[in-house]
Amino acid sequence: MGKKRVMVPAKDLDLSTVKYEHEVIKAPHLTGSMLKLFVRMVEAPVLGSLIMSFLKKQNKMVEMLQNTVIPEAPMFKPEFPPQDAEPSVVIVDEERKPEDRVELALKCLPHYDPASCWSGDSLPSFRYWKIRDYAYAYRSKLVTPSMVAEKIISIIEDCNYHKPPTPLLISFDAEDIRKQAAASTQRFEEGNPLSILDGIFMAIKDDIDCYPHPSKGATTWMHEVRSVEKDAVCVSRLRSCGVILVGKANMHELGMGTTGNNPNYGTTRNPHALERYTGGSSSGPAAIVASGLCSAALGTDGGGSVRIPSSLCGVVGLKTTYGRTSMEGSICDAGTVEIIGPIASTVEDVILVYAAILGSSPEDRISLRPPPPCFPDLSSLENANTLGSLRLGKYTEWFNDVHSTDISDVCEDVLKLLSKSHGCETIEMVIPELHEMRTAHVVSIGSETQCSLNPDCEDGKGVKLTYDTRISMALFRSFTASDYVAAQCLRRRIMHHHMEIFKKVDVIVTPTTGMTAPKIPSSALKDGETDMQVTAYLMRFIIAGNLLGLPAITVPVGYDKQGLPIGLQLIGRPWGEATILHLASAVEELCAKSRKKPASFYDILNIK
């Protein structure tokens with residue numbers, strides 16, 4: 001018999017009694033024939049239930065969801081208390097056209113002279129071409145979008161012959177790219193570009209609709225049961241700004257994994273080390289940006305899927321507040337933890353893409369009542385001083401719970417630099433019930449995924465999923481309605497804890513991931529793998545952004561001893577995108593000189 005446990009109400013919890021517990025996940029690491037055997041066992045009628053029940057008990061899920069009295073009422077999707085206005089921001093009307101919002105965002109950026117980068121001056125360290133560099137090159141007639149398109153097309157076609165294969169895109173149509181590029185080139189010739197994003201090349205994750213491409217979610221069958229008639233709302237906003245869409249980027253099947261492993265189309269490789277994972281599930285988008293092939297990409301983030309690969313590939317990834325962008329036209333458009341967010345090589349490029357795609361759905365405007373979106377005003381020096389008033393919250397025991405101290409040391413050094421350069425104060429704090437937060441998240445995202453895929457699984461498509469997805473689905477099927485409700489009661493509790501923390505701090509700072517890019521086991525390429533220990537490290541600091549819907553951004557801050565990228569995560573208050581973008585920009589500037597060129601990098605603008 002399970003022993004009944006009673007939680008004190010969240011408002012009465014004494015934080016001095018909270019002890020940090022290192023997360024230990026008890027689950028086997030399997031590849032190859034053992035992975036296939038395990039799938040057969042967990043899908044067997046009686047045996048499967050027994051195995052899942054045992055694993056859930058081992059990982060204290062049963063104790064938490066079924067043997068615990070949780071005094072809070074359920075919170076079925078994020079509910080945010082009213083927030084104070086952010087300092088040093090420019091407010092934008094989300095009803096304005098995307099190209100007008102992008103124009104406003106452009107005015108908020110710091111002064112920059114792209115001509116100096118073309119003058120042949122040798123730059124002290126590696127840097128990516130920014131959107132403003134492309135815009136200058138097009139407007140100065142140094143190159144045309146059509147010339148750039150040909151270079152990108154030839155690289156993508158060459159990728160098919162790489163050994164090991166480096167599948168960046170699942171769906172790609174050279175003629176469609178040429179057509180978009182020709183239209184953009186003509187607009188420049190006529191002197192009428194649509195916006196600063198005109199002629200900028202972007203990839204779209206395969207779970208977001210981008211007409212005429214199919215959306216497969218990197219499965220082998222999703223396009224057979226779900227047709228694409230038009231662009232997702234976010235994608236149509238990019239298109240109206242003149243963005244050239246190169247196709248559908250590879251991903252972990254249905255977003256159900258953190259490594260980016262995909263036996264269906266091949267596993268995307270990390271541009272910094274081709275024998276390592278990109279992280280997932282937005283593996284293709286992050287690798288495409290990190291390798292210099294595209295300026296930006298759209299990913300989805302329901303459990304770190306924008307932030308994890310961005311961190312592991314050394315680029316910037318923004319997870320917006322839940323409901324800040326419309327999910328309409330994505331495969332995961334009915335959940336309570338996912339968002340669509342931009343990945344780019346710099347913070348300013350993330351701001352420009354964010355400006356284009358933002359805008360809540362009509363339903364979210366009613367239920368979430370979002371305040372008007374804001375951009376950080378980075379154009380004036382006075383506003384740089386507002387950084388000094390920011391209080392950064394750090395839970396040291398959690399911050400240091402990483403696979404290698406290289407990660408915590410590099411991230412800690414950045415906090416010291418922020419204090420020295422901008423006067424940001426780091427405040428020690430405690431976040432209670434991290435284990436409860438992880439459990440509530442897996443039950444929420446799992447139950448919602450199960451609900452959306454049930455009709456297709458019942459229709460015989462379940463056996464066509466990859467082995468690791470099938471293990472996840474077996475776990476999700478084992479969750480009951482009462483488990484789901486208990487998870488939502490935990491969500492309300494954990495929201496209370498975080499809102500209390502945000503009374504004392506402005507931003508929570510953590511490493512983005514608990515480990516750098518893991519090696520790809522050769523035995524995992526054909527059939528995939530399940531490795532919950534790696535997943536635990538990759539997701540260690542991720543969950544608040546998803547379960548609670550908080551905005552978060554990852555910025556590259558350095559490398560471990562093996563030369564693999566390390567990301568720093570900034571988690572903001574609800575609707576506080578401008579504050580974390582402002583701080584991210586300062587972090588990026590402090591770390592710019594240490595940026596290294598990836599082993600696999602394409603200098604797209606340098607057309608010779």
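Please read all numbers here as calculations on a predicted model, not as lab measurements. Side-chain atoms are counted along with the backbone in the values below, which use heavy atoms only and exclude waters and symmetry mates. We're numbering straight along the sequence, starting at 1.
Using cut-offs of 30° and 60° for the angle between ring planes, the Y128 and F601 rings count as perpendicular. Ring geometry, Y537 versus H22: the interplanar angle falls from 30° to 60°, so the pair is classed tilted. Taking the six-membered ring for Trp and thresholds of 30 and 60 degrees, W398 and F541 have ring planes inclined between 30 and 60 degrees apart.
The residues D209 and R226 are annotated as salt-bridged, a charged nitrogen and a carboxylate oxygen being separated by less than 4.0 angstrom. Ion pairing between K248 and D206 holds under the 4.0 Å rule for side-chain N and carboxylate O. D406 and K561 are joined by a salt bridge, as a carboxylate oxygen and a charged side-chain nitrogen come within less than 4.0 angstrom of each other. A salt bridge links R178 with E150: the closest approach of a Lys/Arg side-chain nitrogen to an acidic carboxylate oxygen falls below 4.0 angstrom.
With D207 contributing its side chain and G217 its backbone, the two residues share no donor-acceptor pair below 3.5 Å. A side-chain donor-acceptor contact under 3.5 Å links D560 to the backbone of L564. Between the S283 side chain and the G279 main chain, no donor and acceptor come within less than 3.5 Å of each other. Not a single donor-acceptor pair under 3.5 Å links the side chain of S600 to the backbone N or O of P271. Proximity of a side-chain donor or acceptor of K319 to a complementary backbone N or O of G341 within less than 3.5 Å is not detected. Judged by distance alone, with hydrogens and angles left aside, the side-chain atoms of H252 form a donor-acceptor pair with the main-chain N or O of G260 at under 3.5 Å. Judged by distance alone, with hydrogens and angles left aside, the side-chain atoms of K56 form a donor-acceptor pair with the main-chain N or O of S478 at under 3.5 Å.
A donor and an acceptor atom, one from each side chain of K216 and S171, are nowhere located under 3.5 Å apart. Judged by distance alone, the side chains of N261 and E529 never bring a donor and an acceptor atom under 3.5 Å apart. With no hydrogens or angles considered, a side-chain donor-acceptor pair links W129 and D603 at under 3.5 Å. E577 and T321 form a side-chain donor-acceptor contact under 3.5 Å, judged by distance and modelled atom types alone. Looking at D468 and T466, their side chains do bring a donor and an acceptor atom within 3.5 Å of each other. Between the side chains of E253 and T469, at least one donor-acceptor pair of N or O atoms lies under 3.5 Å. In this model, no donor atom of one side chain and acceptor atom of the other lie less than 3.5 Å apart for R477 and Q450. Checking K130 against T346 by side-chain atom types alone, no donor-acceptor pair falls below 3.5 Å. The closest side-chain donor-acceptor pair between E338 and T300, if any, does not fall under 3.5 angstrom. At a cut-off of 3.5 Å, with distance as the only test, a side-chain donor of N546 or R307 sits close to an acceptor on the other residue.
Residues V228 and C210 come closest through the heavy atom pair CG1-N, 4.5 Å. L453 and M256 get closest at one heavy-atom pair: CD1-CE, 3.8 Å. The two residues S282 and K205 come nearest to each other via the heavy atoms OG-NZ, 3.0 Å.
Counting non-hydrogen atoms of neighbouring residues, nucleotides and ligands closer than 6.0 angstrom, the CD atom of E589 reaches no more than 12 such neighbours. Around the NZ atom of K461, the shell of radius 6.0 Å holds more than 12 heavy atoms that belong to other residues, nucleotides or ligands.
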Y395 and Y20: CA distance, side-chain angles, deciding distance, ring pair (Phe, Tyr, Trp, His ring centres under 6.0 Å) verdict: CA-CA 9 Å; Y395 184 10; Y20 182 75; 5.7 Å; yes

Would you sort out whether T220 and K464 count as a side-chain hydrogen bond (donor to acceptor under 3.5 Å, both in side chains), showing the intermediate values? CA-CA 7 Å; T220 55; K464 293 185 177 180; over 6 Å; no

Might you work through the side-chain hydrogen bond (donor to acceptor under 3.5 Å, both in side chains) test for N250 and T268, ending with a clear yes or no? CA-CA 7 Å; N250 202 354; T268 307; 3.2 Å; yes

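The line from CD1 of I340 to OH of Y354 is 14.0 Å long, rounded to the nearest 0.5 Å. Within the model, atoms OH of Y277 and CG of D531 stand 8.5 Å from one another, a figure rounded to the nearest 0.5 Å.
For the side-chain contact (heavy atoms from CB on, under 4.5 Å) with S310, the qualifying choice from T513, T278, I343 is I343, the only one to do so.
Relative to the six-membered ring of F126, K596 misses at least one condition, a distance below 6.0 Å or an angle of at most 45° to the axis.
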